[in-house]
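Data block below; observations after.
Note that the structure is a prediction, hence the values are computed from the model and not measured.
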Amino acid sequence: MKKTLIMMLCFAMVSGFAFANGSKEATPGTTPVATAAAPAFHVGIVTGTVSQSEDDLRGAERLIKEYGSVADGGIIQHVTYPDNFMDEAETTISVISGLADDPLMKAIVVNQAVPGTTEAFRRVKEKRSDVLCIAGEAHEDPGVIQSAADLAVNNDFVARGYLIIHTAHELGCDTFVHISFPRHLSYETMSRRVAIMRATCEDLGMKFVMETAPDPTSDVGVAGAQQYILEKVPAWIEQYGQKAAFFCTNDAHTEPLLKQLLAYGGYFIEADLPSPLMGYPGALGLDLSAEAGDFTAILKKVESAIIAKGGAGRFGTWAFSYGYTTTAGLGQHAINVLKGESQLLKLSDLMKAYNKFTPGAKWNGSFYSDVNTGVRAKNHVLIYQDTYIMGKGFMGNADIVVPEKYFSIK
């Protein structure tokens, strides 16, 4: 009897040890607890801060929500570059390239890919040639970013140069006012779009006007640049009239521009990087915390507020944020590629990742072609989403065929 008792106790101890160490067996009616596996790779996401590019940052948070942060055992490592990135180029480069010090880092996505991204990618490749380098909304000239990025994605500054003016004309606008500053106008993407906008205005019988505003990265900062817009819009409306459409190339200028256009008149087709969150919440005094992450609900609330203020048919956007979708979409695309589920340079695979975050919205796009040589890039994609005008709906821009002549304007 004593011998039998000892054997039973030993069996119980061994059984308990086995179950504690992950045996596939379990007590009937219970579910075995799986041991969490360490991630096979990490993905670095680099964005601006909330003050300069909130939508881009929220896209990173969306990825963290789904895949977890590296600090918590997940796969996403999110970092931000300085607001004053033009004067802190080395810091920006270090923030990006430093991600490659993580041995599990297999992809780095930068959105927006501000100046310095190309050099950062070169340093990454010097240390780790296996790391995928992906640039979202590259600020550097196409030939420059293409030399270092495995994939670059920009809003389609060629097609949109025509489509934004075309939409303004469809809405009855007679003047188009382009607001920017020298740094942005030195970018090939923006200077080429300006040339296309000007040519389209001429072809459609509209007046094209260039206005200059302070660069938010200059000494005046974001606050000074926004104050300038607040003070100038009433005079611009008086000068150019109620049928003028306004466009600015900087995110920080958007909120004060919208606020004053709502008060004084004028049209706003879409932002440089369109989103129902781009400038609208601040300009309208909306609290969208309850709708966070739900762009269908966000658009509905913004549209209702615009209509209530008499802005129906005058204010537009993309139904889903470009900045948010580009961060989340490129991060998802990188994950799909690393898992072997997508090809990095296959347009349909890229769109699959974007569509995950924009259900019901229509996109169009193509690989970038150099205006001087006609050579089509293999690693640079231009994309755009249909334009949505509050109180009117989608304008069908994703289906409009842009006349070939505009693709050769520079």
- Query: Okay, side chain of Asp141, backbone of Val144: is any donor-acceptor separation there less than 3.5 Å?
  - Reply: no
- Task: Please report the closest heavy-atom contact between Ala361 and Gln385, naming both atoms and the distance.
- Result: CB-OE1, 3.7 Å
- Task: Could you tell me whether the side chains of Tyr81 and Thr49 share a donor-acceptor contact shorter than 3.5 Å?
- Result: no
- Query: Is it true that atom NZ of Lys392 has more than 12 heavy atoms of other residues, nucleotides or ligands lying nearer than 6.0 Å?
  - Reply: no
- Query: If you draw a 6.0 Å radius around NZ in Lys259, do more than 12 non-hydrogen atoms from other residues or ligands fall strictly inside?
  - Reply: no
- Item | Evaluation steps, side chain to side chain contact (heavy atoms under 4.5 Å, CB included), between Phe121 and Ile96 | CA-CA 8 Å; Phe121 281 175; Ile96 299 169; 4.1 Å; yes
Contacts table for residues 233-241: side-chain donor-acceptor under 3.5 angstrom, sequence neighbours left out:
residue, atom, partner, partner atom, Å
Trp236, NE1, Glu211, OE2, 3.4
Tyr240, OH, Glu211, OE2, 2.5

- Classify the ring geometry between Tyr187 and His139 as parallel (under 30°), tilted (30 to 60°) or perpendicular (over 60°). tilted
- Query: Are Ser342 and Lys352 close enough that a side-chain donor and a side-chain acceptor fall under 3.5 Å?
  - Reply: yes
- Message: Show the nearest heavy-atom pair for residues Gln343 and Val337, with the distance to one decimal.
- Response: C-CG2, 4.0 Å
- Measuring from His166:NE2 to Met206:CE, what's the distance to the nearest 0.5 Å? 11.0 Å
- Look at the side chain of His333 and the backbone N and O of Ala328, then say whether any donor-acceptor pair between them is shorter than 3.5 Å. no
- Does any donor atom in the side chain of Arg122 or Ser147 lie under 3.5 Å from an acceptor atom in the other side chain? yes
- Verify, without hydrogens or angle tests, whether Arg62 (side chain) and Thr325 (backbone) share a donor-acceptor contact under 3.5 angstrom. no
- Write down the atom of Arg160, the atom of Pro274, and the distance for their closest heavy-atom approach. NH2-CG, 3.4 Å
- Any Lys/Arg nitrogen of Lys356 or Glu66 sitting under 4.0 Å from an Asp/Glu carboxylate oxygen of the other? yes
- Might you point out which heavy atoms bring Ile229 and Ala213 nearest each other, and give the distance in Å? CD1-CB, 3.9 Å
- Can you tell me if Arg376 uses its side chain to pair, donor with acceptor, with the backbone of Ser366 under 3.5 Å? no
- Query: Between Asp130 and Lys106, does at least one N-O distance fall below 4.0 Å, as a salt bridge requires?
  - Reply: yes
- Task: Test Lys127 against Asp101 for salt bridge (charged side-chain N to carboxylate O under 4.0 Å, His left out), laying out the working first.
- Result: CA-CA 8 Å; Lys127 291 190 283 188; Asp101 294 335; 3.0 Å; yes
- Message: Could you tell me if Glu140 and Thr118 have a donor-acceptor pair between their side chains, going purely by distance under 3.5 Å?
- Response: yes
- Item | Rounded distance [0.5 Å steps], CD1 in Ile165 versus SG in Cys173 | 9.0 Å
- Message: Using modelled atom types and a 3.5 Å cut-off, is there a donor and acceptor pairing between side-chain atoms of Ser408 and backbone atoms of Glu404?
- Response: no
- Query: Is there a donor-acceptor pair closer than 3.5 Å between any side-chain N or O of Asp386 and the backbone N or O of Gly396?
  - Reply: yes
- Message: If you count every heavy atom of other residues, nucleotides or ligands that lies below 6.0 Å from Lys125 atom NZ, does the total exceed 12?
- Response: yes
- Query: So, Asn155 and Tyr384: side-chain donor and acceptor under 3.5 Å apart, yes or no?
  - Reply: no
- Exercise: identify the closest heavy-atom pair between Ile45 and Ile76: CG1-CG2, 3.9 Å
- Message: Taking atom CZ as the centre, does Phe367 end up with more than 12 heavy-atom neighbours from other residues, nucleotides or ligands that are less than 6.0 angstrom away?
- Response: yes
- Between Tyr354 and Ile383, is a side chain to side chain contact (heavy atoms under 4.5 Å, CB included) present by the stated rule, with each step listed? CA-CA 10 Å; Tyr354 270 64; Ile383 62 173; 3.2 Å; yes
- Evaluate side chain to side chain contact (heavy atoms under 4.5 Å, CB included) for Glu303 paired with Phe315, printing each intermediate quantity in order. CA-CA 9 Å; Glu303 185 172 22; Phe315 292 84; over 6 Å; no
- Message: Any carboxylate oxygen within less than 4.0 angstrom of a Lys/Arg side-chain nitrogen, looking at Arg58 and Glu61?
- Response: yes
- Query: Given Arg123 and Glu119, is the salt bridge (charged side-chain N to carboxylate O under 4.0 Å, His left out) satisfied, shown in steps?
  - Reply: CA-CA 6 Å; Arg123 295 187 190 183; Glu119 176 58 27; 3.1 Å; yes
- Query: Within a radius of less than 6.0 Å around NZ of Lys65, do more than 12 heavy atoms belonging to other residues, nucleotides or ligands occur?
  - Reply: no
- Query: Distance only, no hydrogens: is a donor on one side chain within 3.5 Å (strictly under) of an acceptor on the other, for Asp251 and Ser53?
  - Reply: no
- Neighbour count >12 (heavy atoms, 6.0 Å) for atom CG, Asn372: yes
- Angle class for the Phe208/Phe176 ring planes (parallel below 30°, perpendicular above 60°, tilted otherwise)? parallel
- Message: Testing the 3.5 Å rule here: is there a donor-acceptor pair between the side chains of Ser69 and His78?
- Response: no
- Message: With a 3.5 Å distance limit and no angle check, can you tell me whether Gln77 reaches the backbone of Leu99 through a side-chain donor-acceptor pair?
- Response: no
- Item | Atom pair CD1/CD of Ile93 and Glu88 - distance to nearest 0.5 Å | 12.0 Å
- Going by distance alone, is a donor N or O of one side chain under 3.5 Å from an acceptor N or O of the other, for Asp272 and Thr249? no
- Task: Before giving the answer on side chain to side chain contact (heavy atoms under 4.5 Å, CB included), spell out for Asp203 and Lys405 the whole-Å C-alpha distance, their side-chain angles and the decisive distance to 0.1 Å.
- Result: CA-CA 11 Å; Asp203 292 342; Lys405 61 174 283 187; 2.9 Å; yes
- Side-chain (Ser218) to main-chain (Pro214) donor-acceptor, under 3.5 angstrom: no
- Query: Angle class for the Tyr368/Phe157 ring planes (parallel below 30°, perpendicular above 60°, tilted otherwise)?
  - Reply: tilted
- Closest non-hydrogen atom pair, Asn111 against Thr327: ND2-OG1, 2.8 Å
- Task: Could you give me the CA-CA distance, side-chain angles and deciding distance for Tyr162 and Tyr406, then say whether ring pair (Phe, Tyr, Trp, His ring centres under 6.0 Å) is met?
- Result: CA-CA 7 Å; Tyr162 171 82; Tyr406 294 103; 4.9 Å; yes
- Message: Strictly distance-based, threshold 3.5 Å: is any side-chain N or O of Asn379 a donor or acceptor partner for the main-chain N or O of Ala149?
- Response: yes
- Hey, can you tell me if Tyr388 and Phe394 have their rings parallel, tilted or perpendicular (30° and 60° cut-offs)? perpendicular
- Ignoring hydrogens and geometry, is there a side-chain-to-backbone donor-acceptor pair from Asp72 to Gly68 under 3.5 Å? no
- Query: Any side-chain donor paired with an acceptor under 3.5 Å for Asn84 and Thr217?
  - Reply: no
- Message: Do Asp55 and Ser321 pair up side chain to side chain, a donor and an acceptor below 3.5 Å, judged on atom types alone?
- Response: yes
- Query: Any idea how Tyr322 and Trp363 line up, ring-wise: parallel (<30°), tilted (30 to 60°), or perpendicular (>60°)?
  - Reply: tilted
